[in-house]
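Before any comments, here is the structure.
We use all heavy atoms of the structure for the numbers below, so side chains are in, but hydrogens, waters and symmetry mates are not. Computed from a predicted structure; not experimentally measured. Throughout, residue positions are numbered sequentially from 1 according to the sequence presented.
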Amino acid sequence: LKAALAYYEKALKHVYHKNARTGEIIEGGISDAIIRLNIKMHQDQRALELINRFIDQSQEENNHHTLFVYYLALSEFYNNIKKDSITGDRYELMALREKEIVLNQDKLLNAEKTEFLFQIDEVNAEVQELSYRQRLTKIIAWTIAALVLVVLSFLYLLWRRYCQEQE
């Protein structure tokens, strides 16, 4: 268990992901594994210290997803290890509040994505309209040019005939 604990602690230091949300999830999972390993090794005080340290860090970063994970870990710790259901339930309630914040943020992001997609659709419609107008303008211009060419050709023929009659 000690080797696994060392491995997880090393992995936690190297968590990086292009998507911040994915990085938070990975970090929360690794931290949770470290806490659970400490509990299995009967290092309850160390596990509690880690949870509180991770909670403080998450609060500083305003990271509600990891706060959810750590409050849930505290709830399980107090319910299962300390057999203190009142404190466990209190932390479970805090975890659920953090989960609600995360879900509301996701809804807000989805609403922003929907708004963005709507704006893209509007821009695409404008581009199609402009493209249609441009094609129509080209067709009209070529038609007028052809008519002018026909009229000029006709006038040229009339002028030649006039010149031939004059001779």
pair Glu76-Asn79: side-chain heavy atoms closer than 4.5 Å: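 With C-beta onward as the side chain, the pair stays apart.
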
Asp44 side chain reached by Phe77 side chain, heavy atoms, under 4.5 Å: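 SC-SC contact between Phe77 and Asp44 confirmed.
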
Steps toward side chain to side chain contact (heavy atoms under 4.5 Å, CB included) verdict (Ile39, Asn80): CA-CA 11 Å; Ile39 291 171; Asn80 300 333; over 6 Å; no

Heavy-atom pair of closest approach, residues [X] and [Y]:
{"X": "Ala95", "Y": "Leu72", "answer": "CB-N, 3.7 Å"}
{"X": "Ser75", "Y": "Gly88", "answer": "OG-O, 2.9 Å"}
{"X": "Ile55", "Y": "Leu67", "answer": "O-CD2, 3.7 Å"}
{"X": "Tyr70", "Y": "Ser58", "answer": "CE1-OG, 3.3 Å"}

Would you compute the distance between atom [atom1] of [X] and atom [atom2] of [Y] and round it to the nearest 0.5 angstrom?
{"X": "Tyr71", "Y": "Thr66", "atom1": "OH", "atom2": "OG1", "result": "10.0 Å"}
{"X": "Gln164", "Y": "Glu167", "atom1": "CD", "atom2": "CD", "result": "7.0 Å"}
{"X": "His64", "Y": "Glu100", "atom1": "NE2", "atom2": "CD", "result": "11.5 Å"}
{"X": "Ile34", "Y": "Ile51", "atom1": "CD1", "atom2": "CD1", "result": "11.5 Å"}
{"X": "Ile35", "Y": "Arg53", "atom1": "CD1", "atom2": "CZ", "result": "9.5 Å"}
{"X": "Met94", "Y": "Tyr91", "atom1": "CE", "atom2": "OH", "result": "6.0 Å"}

Side-chain donor-acceptor pairs under 3.5 Å in residues 140-157, sequence neighbours left out?
| unit_1 | atom_1 | unit_2 | atom_2 | d |
| --- | --- | --- | --- | --- |
| Thr143 | OG1 | Ile139 | O | 2.7 |
| Ser153 | OG | Leu149 | O | 2.8 |

Greater than 12 external heavy atoms within 6.0 Å of Ile86's CD1: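 At most 12 heavy atoms, drawn from other residues, nucleotides or ligands, come within 6.0 Å of this atom.
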
Intermediate values then yes/no, side-chain hydrogen bond (donor to acceptor under 3.5 Å, both in side chains), Tyr132 and Gln128: CA-CA 6 Å; Tyr132 171 76; Gln128 288 177 349; over 6 Å; no

Sequence-distant partners of Gln57, side-chain contact (heavy atoms from CB on, under 4.5 Å), two or more places apart: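 Listed in chain order: Glu27, Phe54, Glu61.
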
Path from Leu50 to Met41 over hydrophobic side-chain contacts below 4.5 Å: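 In one cluster: yes.
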
Hphob cluster co-occupancy, Val69 + Leu93, side-chain heavy atoms under 4.5 angstrom: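 No; tracing contacts between hydrophobic side chains, which count when under 4.5 Å, never links both residues.
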
[X]: partners by side-chain hydrogen bond (donor to acceptor under 3.5 Å, both in side chains), with sequence neighbours left out:
{"X": "Arg135", "answer": "none"}
{"X": "Glu49", "answer": "none"}
{"X": "Asn38", "answer": "none"}
{"X": "Asp84", "answer": "Thr87"}

